[in-house]
Amino acid sequence: MIKNKFLLTGASGFTGAWLAEHLLDEGAQVSTILSDADPDGNFIRNGLIRRVKCVEGSILDFDLIARTIADFNIDSVFHLAAVSVEHKVFENPRESLDVNIRGTCHVLEACRMNTKLVQKVIVASSDKVYGDNPHLPYREDMPVQGMNPYDASKACGDLIARSYHQSYGLPVTVARFANIYGGGDLNWSRLVPQTIRCLLQGNRPNVRMPPNGVYKRDFMYVKDQVRAYIALFAAMDRSEVWGQAYNFGSGVCTGIPDLVGRIQRLMHREDVVPLVVPAKHREILHQQLQWEKASKELGWSPIYSIDEGLIETIEWYKQFPIESTTIG
């Protein structure tokens, strides 16, 4: 059982809803700053909105965050709120940078102002912080860098979070995740939900191709991500974990065409020929995370293979009223 009182920013999002449900089922009290929620997402569909203490407002409202921490006696914070779809950041960098960087600053500063309450702060980061580093797999001691607005925003939030421990002693750690997939992801521009939806609707899925090769990514199932959050939360009872960053991934570098092919095979739609489309803007070509540090220090390792995660994900979308949606 988990008896802590959490502020979980981004609880209404894809991965936030999975984490919120786990914490609630374990007996925790969960609060969030709620600006909006997709009525088709798990936060609404699974009734989490009735179980989470929702404070209407924005992550950019510093006073609201600080007041929420004080009013609900928050002792632990998971900061997941972000603009997380790369093309949205690329198209609207000012708003996205504001949320991803200033929003993170607000959460950290509100925690610093309430250090008598807040004992643990976990900030969600990404493998994108390593930028276009050709040396794979990425290790935590590699430099943090960003090659486009999204990568740069995650790198900034990552650095700022760890600086709050170095400068103020705030008990904060950073979780750097690979590409997360699973049921409940309604960002249809992402590869896994887009491919599954297209195949369910009888359409050809898109495969983005850069001019210089094939995109390869480290894909991790969302249930392994929730396990990673909980392992990191438990480990933060030890102060030596504070100020650290940890990689979490599958450890497998999978080509985008290969992943699409796996989904087709699992859905028995190998007859469909994917539509190859050019990438709209420059992205990192290959990414892969080494999670040895998390294994040694947190006792975490992924337990789902790609196929196992995809099978559960496909089943989720089969239960979703996907026929009423349109490709876009």
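Please read these numbers as outputs of a predicted model, since none were measured by experiment.
Between the side chain of Gln288 and the backbone N or O of Gly251 there is at least one donor-acceptor pair closer than 3.5 Å. Proximity of a side-chain donor or acceptor of Asp158 to a complementary backbone N or O of Ser125 within less than 3.5 Å is not detected.
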inquiry  = Checking Phe177 against Tyr229 for the ring pair (Phe, Tyr, Trp, His ring centres under 6.0 Å) test, could you report, in this order, the C-alpha distance in whole Å, the side-chain angles of both residues, the deciding distance, and whether it holds?
reply    = CA-CA 10 Å; Phe177 290 108; Tyr229 277 128; 4.9 Å; yes
key: Worked verdict on Asp38 versus Ile44 for side-chain contact (heavy atoms from CB on, under 4.5 Å)   = CA-CA 7 Å; Asp38 190 325; Ile44 303 294; over 6 Å; no
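Each of Trp300, Tyr221, Trp291 was compared with Phe248 under the ring-ring contact (aromatic ring centres under 6.0 Å, His included) criterion, and only Trp300 meets it.
Ionic pairing of Arg262 and Glu270 is not present here: no N-O contact between side-chain nitrogen and carboxylate oxygen is shorter than 4.0 angstrom. By the 4.0 Å N-to-carboxylate-O rule, Arg217 lies too far from Asp127 to be salt-bridged with it. For Arg208 and Glu283, the salt-bridge test passes: some basic side-chain N is under 4.0 Å from an acidic carboxylate O. A salt bridge links Asp307 with Arg265: the closest approach of a Lys/Arg side-chain nitrogen to an acidic carboxylate oxygen falls below 4.0 angstrom.
There is no side-chain donor-acceptor pair under 3.5 Å between Arg176 and Tyr138. Counting only N and O atoms by type, the side chains of Tyr130 and Asn247 include a donor and acceptor under 3.5 Å apart. Side-chain contact, Gln29 with Lys3: no donor N or O sits under 3.5 Å from an acceptor N or O.
A cation-pi geometry, defined here as NZ or CZ lying under 6.0 Å from the six-membered ring centre and within 45° of its normal, does not hold between Lys5 and Phe72.
Of all the heavy atoms in Thr254 and Ile306, the pair that sits closest is OG1-CD1, 3.3 Å. The minimum heavy-atom distance between Val241 and Leu232, with the atom names listed, is CG1-CD1, 4.0 Å.
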